Amino acid sequence: MKYSLKNIIECLLLVSDDPLSISQIVKILDDKNLNKKQISVAIDELNHDYSNKAIHICQVASGFRFQAKDGLDAYISKLKDKGMNKFSKAFLETTAIIAYKQPVTRGDIEEIRGIAVSTNIIRTLLELEWIKIVGHKESPGKPELFGTTPKFLDYFNKNKLSDLPEISDVESI
Amino acid sequence: MKYSLKNIIECLLLVSDDPLSISQIVKILDDKNLNKKQISVAIDELNHDYSNKAIHICQVASGFRFQAKDGLDAYISKLKDKGMNKFSKAFLETTAIIAYKQPVTRGDIEEIRGIAVSTNIIRTLLELEWIKIVGHKESPGKPELFGTTPKFLDYFNKNKLSDLPEISDVESI
Amino acid sequence: MTEITAIYNGKAISDIPEDLFIPPEHLRIILEDFEGPLDLLLYLIKKQNIDITDLPIFPITEQYMSYISLMEEMHFELAADYLVMASTLTEIKSKLLLPVETEVEDEEDPRANLIKRLLEYQKYKNASELIENLPRNYRDFYVVSNAIETKKRNTMDIPDIKIEQLKLALMDVLRRAEILSTHNILSETLSVRERMSSMLSKLKGHENIEFVELFNLQEGRLGVIVTFLALLELVKESLIDVIQNEPMSRIYIGLKK
(Lines give C-alpha, C1' and ligand atoms only; values in the text may rest on other atoms or scores of the structure.)
Protein backbone atom coordinates (compact mmCIF):
# COMPACT_ATOMS: atom_id res chain seq x y z
CA MET A 1 0.00 0.00 0.00
CA LYS A 2 1.32 3.36 -1.03
CA TYR A 3 -0.28 5.25 1.82
CA SER A 4 -0.56 4.35 5.47
CA LEU A 5 -3.84 3.14 6.87
CA LYS A 6 -4.12 6.38 8.79
CA ASN A 7 -3.70 8.48 5.71
CA ILE A 8 -6.17 6.48 3.70
CA ILE A 9 -8.78 6.77 6.42
CA GLU A 10 -8.17 10.50 6.66
CA CYS A 11 -8.66 10.84 2.92
CA LEU A 12 -11.83 8.74 2.91
CA LEU A 13 -13.38 10.73 5.73
CA LEU A 14 -12.62 13.96 3.93
CA VAL A 15 -13.83 12.86 0.53
CA SER A 16 -17.01 11.28 1.85
CA ASP A 17 -20.13 13.39 1.93
CA ASP A 18 -21.48 11.53 4.90
CA PRO A 19 -20.02 10.20 8.12
CA LEU A 20 -18.38 6.78 7.74
CA SER A 21 -18.78 3.98 10.22
CA ILE A 22 -15.94 1.64 11.06
CA SER A 23 -17.63 -1.23 9.29
CA GLN A 24 -18.07 0.91 6.16
CA ILE A 25 -14.37 1.70 6.25
CA VAL A 26 -13.49 -1.98 6.69
CA LYS A 27 -15.64 -2.81 3.70
CA ILE A 28 -14.08 -0.10 1.53
CA LEU A 29 -10.54 -1.13 2.39
CA ASP A 30 -11.41 -4.76 1.70
CA ASP A 31 -8.26 -6.18 3.24
CA LYS A 32 -8.39 -9.50 5.10
CA ASN A 33 -5.58 -8.46 7.40
CA LEU A 34 -7.55 -5.51 8.69
CA ASN A 35 -10.01 -5.56 11.52
CA LYS A 36 -12.28 -3.03 13.14
CA LYS A 37 -9.97 -2.59 16.07
CA GLN A 38 -7.16 -1.39 13.82
CA ILE A 39 -9.43 1.16 12.16
CA SER A 40 -10.51 2.43 15.50
CA VAL A 41 -6.90 2.72 16.67
CA ALA A 42 -5.95 4.56 13.49
CA ILE A 43 -8.74 7.09 14.03
CA ASP A 44 -7.54 7.69 17.58
CA GLU A 45 -4.02 8.19 16.33
CA LEU A 46 -5.22 10.59 13.68
CA ASN A 47 -7.02 12.62 16.26
CA HIS A 48 -3.89 12.68 18.33
CA ASP A 49 -2.01 14.05 15.31
CA TYR A 50 -4.66 16.70 15.03
CA SER A 51 -4.33 17.90 18.57
CA ASN A 52 -2.76 21.19 17.45
CA LYS A 53 -4.92 21.56 14.41
CA ALA A 54 -8.19 23.41 13.95
CA ILE A 55 -10.00 20.27 12.84
CA HIS A 56 -10.63 16.89 14.42
CA ILE A 57 -12.57 13.71 13.90
CA CYS A 58 -15.84 13.34 15.80
CA GLN A 59 -18.11 10.40 16.22
CA VAL A 60 -21.76 10.97 15.41
CA ALA A 61 -24.65 8.56 15.18
CA SER A 62 -23.82 7.17 11.75
CA GLY A 63 -20.05 7.18 12.07
CA PHE A 64 -17.03 9.42 12.03
CA ARG A 65 -16.58 12.75 10.36
CA PHE A 66 -14.33 15.76 10.51
CA GLN A 67 -15.42 18.85 12.37
CA ALA A 68 -13.97 22.26 12.88
CA LYS A 69 -12.93 22.90 16.46
CA ASP A 70 -14.40 25.77 18.42
CA GLY A 71 -13.13 29.28 17.94
CA LEU A 72 -13.27 29.56 14.18
CA ASP A 73 -16.89 30.55 13.81
CA ALA A 74 -16.04 34.11 12.85
CA TYR A 75 -14.04 32.94 9.86
CA ILE A 76 -16.32 30.15 8.83
CA SER A 77 -19.43 32.28 8.81
CA LYS A 78 -17.67 34.73 6.48
CA LEU A 79 -16.89 31.84 4.22
CA LYS A 80 -20.38 30.45 4.20
CA ASP A 81 -22.07 33.78 3.69
CA LYS A 82 -20.93 34.14 0.16
CA GLY A 83 -22.97 32.65 -2.60
CA MET A 84 -26.21 32.50 -0.68
CA ASN A 85 -28.06 34.25 -3.46
CA LYS A 86 -27.31 31.60 -6.02
CA PHE A 87 -28.27 29.02 -3.49
CA SER A 88 -32.01 29.13 -3.83
CA LYS A 89 -32.29 27.81 -7.37
CA ALA A 90 -30.27 24.72 -6.63
CA PHE A 91 -32.22 24.35 -3.40
CA LEU A 92 -35.52 24.58 -5.19
CA GLU A 93 -34.54 22.10 -7.86
CA THR A 94 -33.12 19.60 -5.41
CA THR A 95 -36.26 19.84 -3.31
CA ALA A 96 -38.46 19.45 -6.36
CA ILE A 97 -36.61 16.37 -7.55
CA ILE A 98 -36.84 14.71 -4.16
CA ALA A 99 -40.53 15.55 -3.89
CA TYR A 100 -41.49 14.33 -7.32
CA LYS A 101 -39.08 11.47 -7.87
CA GLN A 102 -38.77 9.98 -4.41
CA PRO A 103 -37.24 7.81 -3.20
CA VAL A 104 -34.06 9.12 -4.81
CA THR A 105 -30.38 9.00 -4.05
CA ARG A 106 -28.01 11.86 -4.29
CA GLY A 107 -26.69 10.26 -7.45
CA ASP A 108 -30.16 10.30 -8.96
CA ILE A 109 -30.45 14.00 -8.24
CA GLU A 110 -27.06 14.64 -9.75
CA GLU A 111 -27.96 12.67 -12.79
CA ILE A 112 -31.11 14.67 -13.34
CA ARG A 113 -29.57 18.06 -12.62
CA GLY A 114 -26.30 17.25 -14.33
CA ILE A 115 -24.50 19.02 -11.51
CA ALA A 116 -23.09 17.78 -8.24
CA VAL A 117 -25.54 18.15 -5.38
CA SER A 118 -24.44 20.47 -2.63
CA THR A 119 -24.01 18.70 0.66
CA ASN A 120 -25.29 21.85 2.30
CA ILE A 121 -28.62 21.58 0.59
CA ILE A 122 -29.14 17.98 1.60
CA ARG A 123 -28.14 18.80 5.16
CA THR A 124 -30.45 21.77 5.25
CA LEU A 125 -33.34 19.73 3.94
CA LEU A 126 -32.63 17.07 6.55
CA GLU A 127 -32.38 19.67 9.29
CA LEU A 128 -35.60 21.29 8.21
CA GLU A 129 -37.04 17.78 8.35
CA TRP A 130 -38.44 18.27 4.89
CA ILE A 131 -36.75 15.08 3.81
CA LYS A 132 -35.56 11.96 5.57
CA ILE A 133 -33.57 8.89 4.76
CA VAL A 134 -36.09 6.24 3.82
CA GLY A 135 -33.64 3.48 2.97
CA HIS A 136 -30.50 2.54 1.15
CA LYS A 137 -30.10 1.59 -2.47
CA GLU A 138 -28.50 -1.67 -3.45
CA SER A 139 -25.58 -0.21 -5.33
CA PRO A 140 -21.94 0.51 -4.59
CA GLY A 141 -21.64 2.55 -1.43
CA LYS A 142 -25.24 1.76 -0.48
CA PRO A 143 -26.32 5.34 -1.08
CA GLU A 144 -29.10 6.78 1.01
CA LEU A 145 -32.56 7.12 -0.44
CA PHE A 146 -34.37 10.33 0.37
CA GLY A 147 -38.08 10.92 0.60
CA THR A 148 -40.15 13.85 1.77
CA THR A 149 -41.80 14.03 5.19
CA PRO A 150 -45.21 15.17 6.39
CA LYS A 151 -43.48 18.36 7.56
CA PHE A 152 -42.63 19.17 3.98
CA LEU A 153 -46.25 18.83 3.01
CA ASP A 154 -47.26 20.95 5.98
CA TYR A 155 -45.06 23.75 4.75
CA PHE A 156 -46.92 23.81 1.48
CA ASN A 157 -50.25 23.25 3.10
CA LYS A 158 -50.80 19.96 1.39
CA ASN A 159 -52.21 16.76 2.73
CA LYS A 160 -50.49 14.29 0.57
CA LEU A 161 -47.92 14.23 -2.18
CA SER A 162 -50.49 13.69 -4.84
CA ASP A 163 -51.85 17.12 -3.97
CA LEU A 164 -48.72 18.66 -5.42
CA PRO A 165 -49.26 20.24 -8.82
CA GLU A 166 -49.07 17.66 -11.53
CA ILE A 167 -46.24 17.67 -13.93
CA SER A 168 -47.33 16.01 -17.09
CA ASP A 169 -45.02 15.69 -20.03
CA VAL A 170 -42.17 18.08 -20.32
CA GLU A 171 -42.61 18.28 -24.06
CA SER A 172 -45.65 20.46 -23.74
CA ILE A 173 -43.93 23.26 -21.89
CA MET B 1 -4.77 33.56 17.98
CA LYS B 2 -5.56 30.11 19.23
CA TYR B 3 -4.56 28.28 16.06
CA SER B 4 -1.64 28.84 13.78
CA LEU B 5 -2.19 30.53 10.44
CA LYS B 6 -1.41 27.23 8.75
CA ASN B 7 -4.07 25.42 10.72
CA ILE B 8 -6.69 28.05 10.10
CA ILE B 9 -6.05 28.00 6.37
CA GLU B 10 -6.21 24.22 6.38
CA CYS B 11 -9.56 24.36 8.13
CA LEU B 12 -10.94 27.04 5.79
CA LEU B 13 -9.95 25.11 2.68
CA LEU B 14 -11.64 22.02 4.03
CA VAL B 15 -14.79 23.82 5.07
CA SER B 16 -15.22 25.74 1.84
CA ASP B 17 -17.43 24.54 -1.00
CA ASP B 18 -15.27 26.19 -3.63
CA PRO B 19 -11.57 26.77 -4.05
CA LEU B 20 -10.30 29.79 -2.11
CA SER B 21 -7.99 32.37 -3.58
CA ILE B 22 -5.29 34.00 -1.54
CA SER B 23 -7.13 37.31 -1.56
CA GLN B 24 -10.29 35.61 -0.33
CA ILE B 25 -8.32 34.09 2.53
CA VAL B 26 -6.81 37.47 3.37
CA LYS B 27 -10.28 38.96 3.43
CA ILE B 28 -11.69 36.25 5.67
CA LEU B 29 -8.81 36.48 8.15
CA ASP B 30 -9.18 40.26 8.22
CA ASP B 31 -5.91 40.89 10.01
CA LYS B 32 -3.84 43.95 9.18
CA ASN B 33 -0.63 42.17 10.03
CA LEU B 34 -1.21 39.55 7.37
CA ASN B 35 -0.23 39.84 3.76
CA LYS B 36 -0.67 37.66 0.70
CA LYS B 37 2.91 36.50 0.80
CA GLN B 38 2.41 34.98 4.24
CA ILE B 39 -0.69 33.11 3.10
CA SER B 40 1.15 31.78 0.13
CA VAL B 41 4.05 30.61 2.31
CA ALA B 42 1.63 28.96 4.74
CA ILE B 43 0.01 27.03 1.90
CA ASP B 44 3.40 25.82 0.73
CA GLU B 45 4.25 24.71 4.23
CA LEU B 46 0.95 22.92 4.57
CA ASN B 47 1.54 21.05 1.37
CA HIS B 48 4.94 20.08 2.66
CA ASP B 49 3.30 18.70 5.82
CA TYR B 50 0.95 16.75 3.59
CA SER B 51 3.71 15.15 1.57
CA ASN B 52 3.15 11.75 3.16
CA LYS B 53 -0.60 12.06 3.26
CA ALA B 54 -3.18 10.91 0.76
CA ILE B 55 -4.50 14.41 0.07
CA HIS B 56 -2.80 17.61 -0.95
CA ILE B 57 -3.56 21.21 -1.86
CA CYS B 58 -3.87 21.97 -5.56
CA GLN B 59 -4.08 25.27 -7.32
CA VAL B 60 -6.79 25.67 -9.92
CA ALA B 61 -8.12 28.71 -11.70
CA SER B 62 -10.19 30.12 -8.86
CA GLY B 63 -7.84 29.28 -6.04
CA PHE B 64 -6.64 26.50 -3.80
CA ARG B 65 -8.43 23.32 -2.81
CA PHE B 66 -7.66 19.93 -1.36
CA GLN B 67 -7.73 16.93 -3.65
CA ALA B 68 -7.14 13.25 -3.14
CA LYS B 69 -3.81 12.15 -4.54
CA ASP B 70 -3.64 9.56 -7.27
CA GLY B 71 -3.85 5.90 -6.45
CA LEU B 72 -6.90 5.93 -4.20
CA ASP B 73 -9.43 5.45 -6.90
CA ALA B 74 -10.20 1.89 -5.85
CA TYR B 75 -11.30 3.05 -2.43
CA ILE B 76 -13.00 6.30 -3.33
CA SER B 77 -15.00 4.76 -6.10
CA LYS B 78 -16.59 2.51 -3.49
CA LEU B 79 -17.56 5.61 -1.61
CA LYS B 80 -19.08 7.64 -4.40
CA ASP B 81 -20.95 7.10 -7.60
CA LYS B 82 -18.72 8.34 -10.31
CA GLY B 83 -19.00 9.46 -13.86
CA MET B 84 -22.19 11.31 -13.17
CA ASN B 85 -21.67 14.15 -15.53
CA LYS B 86 -21.98 12.85 -19.03
CA PHE B 87 -22.42 15.60 -21.53
CA SER B 88 -24.16 15.51 -24.85
CA LYS B 89 -22.26 16.22 -28.05
CA ALA B 90 -24.18 19.45 -28.55
CA PHE B 91 -23.23 20.56 -25.05
CA LEU B 92 -19.56 19.73 -25.54
CA GLU B 93 -19.38 21.39 -28.93
CA THR B 94 -20.97 24.57 -27.61
CA THR B 95 -18.61 24.54 -24.64
CA ALA B 96 -15.61 23.97 -26.90
CA ILE B 97 -16.52 26.88 -29.15
CA ILE B 98 -16.98 29.23 -26.21
CA ALA B 99 -13.77 28.05 -24.57
CA TYR B 100 -11.57 28.30 -27.63
CA LYS B 101 -13.10 31.23 -29.44
CA GLN B 102 -14.25 33.49 -26.63
CA PRO B 103 -15.72 36.02 -26.49
CA VAL B 104 -18.45 34.68 -28.77
CA THR B 105 -22.10 35.41 -29.31
CA ARG B 106 -24.78 32.85 -29.71
CA GLY B 107 -24.81 33.76 -33.39
CA ASP B 108 -21.12 32.91 -33.68
CA ILE B 109 -21.76 29.49 -32.19
CA GLU B 110 -24.65 28.90 -34.56
CA GLU B 111 -22.53 29.97 -37.47
CA ILE B 112 -19.87 27.40 -36.65
CA ARG B 113 -22.20 24.55 -35.77
CA GLY B 114 -24.60 25.31 -38.60
CA ILE B 115 -27.56 24.81 -36.33
CA ALA B 116 -29.52 26.81 -33.77
CA VAL B 117 -28.04 26.77 -30.30
CA SER B 118 -30.33 25.35 -27.69
CA THR B 119 -31.33 27.87 -25.05
CA ASN B 120 -31.07 25.11 -22.51
CA ILE B 121 -27.41 24.56 -23.19
CA ILE B 122 -26.58 28.20 -22.70
CA ARG B 123 -28.65 28.30 -19.54
CA THR B 124 -27.02 25.20 -18.14
CA LEU B 125 -23.59 26.61 -18.86
CA LEU B 126 -24.55 29.86 -17.14
CA GLU B 127 -25.97 28.02 -14.15
CA LEU B 128 -22.96 25.80 -13.82
CA GLU B 129 -21.09 29.08 -13.88
CA TRP B 130 -18.86 27.69 -16.57
CA ILE B 131 -19.59 30.70 -18.75
CA LYS B 132 -20.64 34.27 -18.11
CA ILE B 133 -21.65 37.27 -20.13
CA VAL B 134 -18.48 39.24 -20.67
CA GLY B 135 -19.95 42.04 -22.75
CA HIS B 136 -22.15 42.92 -25.67
CA LYS B 137 -21.26 42.97 -29.30
CA GLU B 138 -21.56 46.19 -31.23
CA SER B 139 -24.01 44.84 -33.75
CA PRO B 140 -27.78 44.96 -34.20
CA GLY B 141 -29.53 43.73 -31.10
CA LYS B 142 -26.31 44.08 -29.10
CA PRO B 143 -26.01 40.32 -28.58
CA GLU B 144 -24.35 39.00 -25.45
CA LEU B 145 -20.76 37.89 -25.61
CA PHE B 146 -19.92 34.76 -23.64
CA GLY B 147 -16.64 33.75 -22.09
CA THR B 148 -15.58 30.97 -19.75
CA THR B 149 -15.06 31.41 -16.00
CA PRO B 150 -12.46 30.13 -13.56
CA LYS B 151 -15.05 27.62 -12.40
CA PHE B 152 -15.00 25.99 -15.81
CA LEU B 153 -11.27 25.54 -15.50
CA ASP B 154 -11.64 24.28 -11.92
CA TYR B 155 -13.88 21.51 -13.10
CA PHE B 156 -11.21 20.21 -15.43
CA ASN B 157 -8.41 20.81 -12.95
CA LYS B 158 -6.83 23.62 -14.95
CA ASN B 159 -5.25 26.83 -13.88
CA LYS B 160 -5.66 29.01 -16.92
CA LEU B 161 -7.13 28.87 -20.37
CA SER B 162 -3.78 28.22 -21.97
CA ASP B 163 -3.62 24.97 -20.01
CA LEU B 164 -6.40 23.58 -22.16
CA PRO B 165 -5.17 21.25 -24.91
CA GLU B 166 -4.09 23.09 -28.02
CA ILE B 167 -6.23 22.91 -31.09
CA SER B 168 -5.03 23.42 -34.61
CA ASP B 169 -6.69 24.30 -37.87
CA VAL B 170 -8.04 21.40 -39.84
CA GLU B 171 -6.73 20.98 -43.36
CA SER B 172 -8.43 17.82 -44.41
CA ILE B 173 -11.01 15.49 -43.01
CA MET C 1 -32.81 4.18 -54.58
CA THR C 2 -32.18 5.82 -51.30
CA GLU C 3 -29.20 4.57 -49.49
CA ILE C 4 -29.81 4.60 -45.79
CA THR C 5 -26.56 4.81 -44.02
CA ALA C 6 -26.18 6.23 -40.61
CA ILE C 7 -24.37 6.12 -37.38
CA TYR C 8 -26.05 4.53 -34.45
CA ASN C 9 -24.28 4.56 -31.12
CA GLY C 10 -21.07 5.36 -32.85
CA LYS C 11 -21.31 2.36 -35.13
CA ALA C 12 -21.96 2.83 -38.78
CA ILE C 13 -24.99 1.09 -40.08
CA SER C 14 -24.50 0.90 -43.78
CA ASP C 15 -26.25 -0.37 -46.85
CA ILE C 16 -29.43 -1.36 -45.19
CA PRO C 17 -31.40 -3.42 -47.70
CA GLU C 18 -34.34 -1.60 -49.13
CA ASP C 19 -36.83 -4.08 -47.84
CA LEU C 20 -35.52 -3.99 -44.30
CA PHE C 21 -38.03 -2.37 -42.09
CA ILE C 22 -36.55 0.06 -39.64
CA PRO C 23 -38.91 0.91 -36.86
CA PRO C 24 -39.58 4.66 -37.00
CA GLU C 25 -38.31 5.17 -33.46
CA HIS C 26 -35.06 3.46 -34.30
CA LEU C 27 -34.52 5.56 -37.39
CA ARG C 28 -35.27 8.60 -35.33
CA ILE C 29 -32.39 7.77 -33.06
CA ILE C 30 -30.13 7.30 -36.07
CA LEU C 31 -31.03 10.69 -37.43
CA GLU C 32 -30.88 12.41 -34.09
CA ASP C 33 -27.28 11.41 -33.90
CA PHE C 34 -26.32 14.22 -36.22
CA GLU C 35 -25.59 17.54 -34.63
CA GLY C 36 -26.88 19.53 -37.58
CA PRO C 37 -26.43 19.83 -41.34
CA LEU C 38 -22.68 20.36 -41.17
CA ASP C 39 -22.29 17.26 -39.07
CA LEU C 40 -24.33 15.29 -41.57
CA LEU C 41 -22.25 16.60 -44.47
CA LEU C 42 -19.02 15.79 -42.68
CA TYR C 43 -20.27 12.30 -42.13
CA LEU C 44 -21.11 11.85 -45.80
CA ILE C 45 -17.70 13.16 -46.80
CA LYS C 46 -15.81 10.99 -44.34
CA LYS C 47 -17.76 7.93 -45.32
CA GLN C 48 -16.56 8.22 -48.87
CA ASN C 49 -13.03 9.24 -48.13
CA ILE C 50 -13.41 12.33 -50.19
CA ASP C 51 -10.77 15.00 -50.37
CA ILE C 52 -12.62 17.90 -48.86
CA THR C 53 -10.66 20.50 -50.79
CA ASP C 54 -12.15 19.04 -53.92
CA LEU C 55 -15.65 18.57 -52.61
CA PRO C 56 -17.68 16.72 -55.26
CA ILE C 57 -20.79 18.75 -54.82
CA PHE C 58 -23.10 16.72 -57.08
CA PRO C 59 -23.05 13.34 -55.33
CA ILE C 60 -22.86 14.97 -51.91
CA THR C 61 -25.88 17.14 -52.64
CA GLU C 62 -27.77 14.13 -53.87
CA GLN C 63 -27.02 12.12 -50.76
CA TYR C 64 -27.79 15.02 -48.51
CA MET C 65 -31.15 15.49 -50.19
CA SER C 66 -32.04 11.85 -49.80
CA TYR C 67 -31.39 12.10 -46.07
CA ILE C 68 -33.52 15.17 -45.84
CA SER C 69 -36.40 13.60 -47.67
CA LEU C 70 -36.07 10.55 -45.48
CA MET C 71 -36.24 12.71 -42.43
CA GLU C 72 -39.29 14.42 -43.80
CA GLU C 73 -40.94 11.12 -44.63
CA MET C 74 -40.42 10.06 -41.07
CA HIS C 75 -42.10 13.25 -39.93
CA PHE C 76 -38.89 13.86 -38.13
CA GLU C 77 -38.95 17.35 -36.78
CA LEU C 78 -36.50 18.82 -39.19
CA ALA C 79 -34.60 21.86 -37.99
CA ALA C 80 -34.87 24.69 -40.48
CA ASP C 81 -31.09 24.71 -40.62
CA TYR C 82 -31.16 21.46 -42.60
CA LEU C 83 -33.30 23.11 -45.25
CA VAL C 84 -31.07 26.17 -45.35
CA MET C 85 -28.14 23.87 -46.08
CA ALA C 86 -30.16 22.12 -48.76
CA SER C 87 -30.69 25.39 -50.55
CA THR C 88 -27.05 26.35 -50.13
CA LEU C 89 -26.01 23.08 -51.75
CA THR C 90 -28.46 23.57 -54.59
CA GLU C 91 -27.20 27.04 -55.14
CA ILE C 92 -23.60 25.90 -55.32
CA LYS C 93 -24.62 23.16 -57.68
CA SER C 94 -26.37 25.55 -60.02
CA LYS C 95 -23.44 27.92 -59.99
CA LEU C 96 -21.16 25.09 -60.99
CA LEU C 97 -23.54 24.15 -63.78
CA LEU C 98 -23.59 27.60 -65.27
CA PRO C 99 -21.34 27.87 -68.30
CA VAL C 100 -18.36 30.02 -67.61
CA GLU C 101 -19.00 32.96 -69.88
CA THR C 102 -15.76 34.76 -69.71
CA GLU C 103 -12.63 33.99 -67.85
CA VAL C 104 -13.24 36.13 -64.85
CA GLU C 105 -10.15 36.43 -62.80
CA ASP C 106 -10.41 35.80 -59.08
CA GLU C 107 -13.84 34.28 -59.44
CA GLU C 108 -14.21 32.43 -56.19
CA ASP C 109 -15.00 28.76 -56.23
CA PRO C 110 -18.65 28.59 -55.14
CA ARG C 111 -17.71 25.71 -52.86
CA ALA C 112 -15.01 27.64 -51.04
CA ASN C 113 -17.19 29.05 -48.30
CA LEU C 114 -18.83 25.73 -47.56
CA ILE C 115 -15.48 23.96 -47.41
CA LYS C 116 -14.22 26.61 -45.05
CA ARG C 117 -17.21 26.16 -42.79
CA LEU C 118 -16.84 22.38 -42.78
CA LEU C 119 -13.19 22.63 -41.80
CA GLU C 120 -13.98 25.18 -39.12
CA TYR C 121 -16.71 22.96 -37.70
CA GLN C 122 -14.43 19.94 -37.76
CA LYS C 123 -11.90 21.94 -35.79
CA TYR C 124 -14.36 22.56 -32.97
CA LYS C 125 -15.63 19.03 -33.12
CA ASN C 126 -12.07 17.97 -32.42
CA ALA C 127 -11.89 20.52 -29.64
CA SER C 128 -15.03 19.13 -28.05
CA GLU C 129 -13.45 15.68 -28.01
CA LEU C 130 -10.40 17.11 -26.30
CA ILE C 131 -12.64 18.63 -23.66
CA GLU C 132 -14.53 15.38 -23.28
CA ASN C 133 -11.24 13.67 -22.52
CA LEU C 134 -9.98 16.17 -19.98
CA PRO C 135 -9.72 14.88 -16.45
CA ARG C 136 -12.91 15.61 -14.55
CA ASN C 137 -13.82 15.96 -10.96
CA TYR C 138 -15.42 12.77 -9.60
CA ARG C 139 -14.32 10.82 -12.65
CA ASP C 140 -10.58 11.23 -12.80
CA PHE C 141 -9.80 13.06 -9.62
CA TYR C 142 -11.52 13.83 -6.37
CA VAL C 143 -11.93 17.22 -4.86
CA VAL C 144 -12.25 17.55 -1.13
CA SER C 145 -14.84 20.23 -0.67
CA ASN C 146 -17.23 21.08 2.07
CA ALA C 147 -15.59 18.25 3.98
CA ILE C 148 -16.01 19.58 7.43
CA GLU C 149 -18.99 19.87 9.64
CA THR C 150 -19.26 23.18 11.34
CA LYS C 151 -21.52 24.04 14.20
CA LYS C 152 -22.86 27.21 12.71
CA ARG C 153 -24.12 25.87 9.54
CA ASN C 154 -27.59 26.59 8.49
CA THR C 155 -28.03 30.11 9.54
CA MET C 156 -29.44 30.85 6.15
CA ASP C 157 -33.06 31.66 5.71
CA ILE C 158 -35.20 29.32 3.79
CA PRO C 159 -36.60 31.26 0.90
CA ASP C 160 -40.30 31.70 0.93
CA ILE C 161 -41.24 29.04 -1.56
CA LYS C 162 -44.55 28.71 -3.30
CA ILE C 163 -45.62 25.30 -4.38
CA GLU C 164 -45.85 26.43 -7.99
CA GLN C 165 -42.19 27.38 -7.88
CA LEU C 166 -41.35 23.85 -6.94
CA LYS C 167 -43.19 22.55 -9.92
CA LEU C 168 -41.57 25.07 -12.21
CA ALA C 169 -38.16 24.20 -10.81
CA LEU C 170 -38.68 20.56 -11.63
CA MET C 171 -39.98 21.24 -15.12
CA ASP C 172 -36.98 23.44 -15.66
CA VAL C 173 -34.58 20.81 -14.56
CA LEU C 174 -36.27 18.10 -16.58
CA ARG C 175 -36.15 20.23 -19.66
CA ARG C 176 -32.51 20.85 -19.06
CA ALA C 177 -31.90 17.20 -18.42
CA GLU C 178 -32.74 16.51 -22.04
CA ILE C 179 -29.53 18.12 -23.15
CA LEU C 180 -27.48 16.07 -20.80
CA SER C 181 -27.25 12.52 -21.97
CA THR C 182 -28.99 10.97 -19.08
CA HIS C 183 -31.87 8.64 -18.64
CA ASN C 184 -35.23 9.74 -19.80
CA ILE C 185 -37.49 10.86 -17.09
CA LEU C 186 -40.98 9.57 -17.29
CA SER C 187 -43.74 11.15 -15.41
CA GLU C 188 -44.95 8.89 -12.72
CA THR C 189 -47.88 8.96 -10.48
CA LEU C 190 -46.86 10.76 -7.39
CA SER C 191 -48.97 8.70 -5.14
CA VAL C 192 -46.94 5.65 -6.13
CA ARG C 193 -43.65 7.39 -5.40
CA GLU C 194 -45.04 8.51 -2.08
CA ARG C 195 -46.12 5.02 -1.25
CA MET C 196 -42.67 3.73 -2.13
CA SER C 197 -41.13 6.09 0.42
CA SER C 198 -43.59 5.21 3.13
CA MET C 199 -43.25 1.51 2.44
CA LEU C 200 -39.49 1.70 2.81
CA SER C 201 -39.92 3.57 6.07
CA LYS C 202 -42.34 0.94 7.26
CA LEU C 203 -39.98 -1.90 6.38
CA LYS C 204 -37.09 -0.23 8.12
CA GLY C 205 -36.54 -1.81 11.49
CA HIS C 206 -38.39 -4.97 10.55
CA GLU C 207 -36.82 -8.16 9.34
CA ASN C 208 -39.78 -8.47 7.03
CA ILE C 209 -43.47 -7.80 6.87
CA GLU C 210 -46.13 -10.03 5.52
CA PHE C 211 -47.37 -9.02 2.12
CA VAL C 212 -50.97 -8.48 3.15
CA GLU C 213 -49.99 -6.26 6.03
CA LEU C 214 -48.68 -3.68 3.62
CA PHE C 215 -52.16 -3.06 2.33
CA ASN C 216 -54.69 -0.89 4.04
CA LEU C 217 -58.04 -2.10 2.83
CA GLN C 218 -59.75 1.00 4.12
CA GLU C 219 -58.06 2.89 1.33
CA GLY C 220 -60.26 1.14 -1.12
CA ARG C 221 -59.47 -0.22 -4.50
CA LEU C 222 -57.30 2.69 -5.62
CA GLY C 223 -55.21 2.52 -2.45
CA VAL C 224 -54.59 -1.16 -2.98
CA ILE C 225 -53.54 -0.58 -6.56
CA VAL C 226 -51.19 2.22 -5.55
CA THR C 227 -49.62 0.02 -2.89
CA PHE C 228 -49.22 -2.82 -5.32
CA LEU C 229 -47.66 -0.59 -7.97
CA ALA C 230 -45.29 0.84 -5.37
CA LEU C 231 -44.33 -2.70 -4.42
CA LEU C 232 -43.60 -3.62 -8.01
CA GLU C 233 -41.61 -0.47 -8.50
CA LEU C 234 -39.52 -1.20 -5.40
CA VAL C 235 -38.85 -4.70 -6.67
CA LYS C 236 -37.86 -3.28 -10.02
CA GLU C 237 -35.45 -0.88 -8.40
CA SER C 238 -34.11 -3.78 -6.27
CA LEU C 239 -34.88 -2.06 -3.04
CA ILE C 240 -36.90 -4.85 -1.51
CA ASP C 241 -36.95 -8.62 -1.48
CA VAL C 242 -40.07 -10.66 -1.91
CA ILE C 243 -39.75 -13.92 -0.05
CA GLN C 244 -41.93 -16.98 -0.36
CA ASN C 245 -40.63 -20.17 1.12
CA GLU C 246 -42.82 -22.54 -0.83
CA PRO C 247 -45.57 -22.22 -3.37
CA MET C 248 -48.87 -20.98 -1.98
CA SER C 249 -47.32 -20.07 1.33
CA ARG C 250 -47.26 -16.64 2.83
CA ILE C 251 -45.32 -13.90 1.08
CA TYR C 252 -43.00 -11.70 3.06
CA ILE C 253 -41.50 -8.40 2.03
CA GLY C 254 -38.19 -7.20 3.44
CA LEU C 255 -35.61 -4.59 2.67
CA LYS C 256 -32.95 -5.79 0.29
CA LYS C 257 -30.00 -7.07 2.28
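Fair warning: this is a prediction, and the values are worked out from it, not measured in the lab. Lettering of chains follows the sequences in order, A, B, ..., and the numbering in each one begins at 1. No hydrogens, no waters, no symmetry mates; every other heavy atom, side chains included, goes into these values.
- Neither the backbone nor the side chain of A:K142 comes within contact range of chain B; no heavy atom of the residue lies under 4.5 Å from a heavy atom of that chain.
- In this model, no donor atom of one side chain and acceptor atom of the other lie less than 3.5 Å apart for B:R106 and B:T94.
- Looking at B:K6, neither its backbone nor its side chain comes within 4.5 Å of chain A, counting heavy atoms on both sides.
- For B:K158 and B:F156, the positive end is not near the middle of the six-membered ring at less than 6.0 Å and at most 45° from its axis.
- With no hydrogens or angles considered, no side-chain donor-acceptor pair links B:E10 and B:Y3 at under 3.5 Å.
- Interface residue A:I55: only side-chain heavy atoms are found under 4.5 Å from chain B.
- Put simply, the side chain of B:E127 does not reach to within 4.5 Å of the side chain of B:T124, judged on heavy atoms.
- For B:I28, the parts lying near chain A are the backbone and the side chain together; criterion is any non-hydrogen pair under 4.5 Å.
- Side chain of B:Q102 to backbone of B:T148: a donor-acceptor contact under 3.5 angstrom is found.
- For B:L72, the part lying under 4.5 angstrom from a heavy atom of chain A is the side chain only.
- With a 4.5 angstrom heavy-atom cutoff, B:D49 does not touch chain A via any of its atoms.
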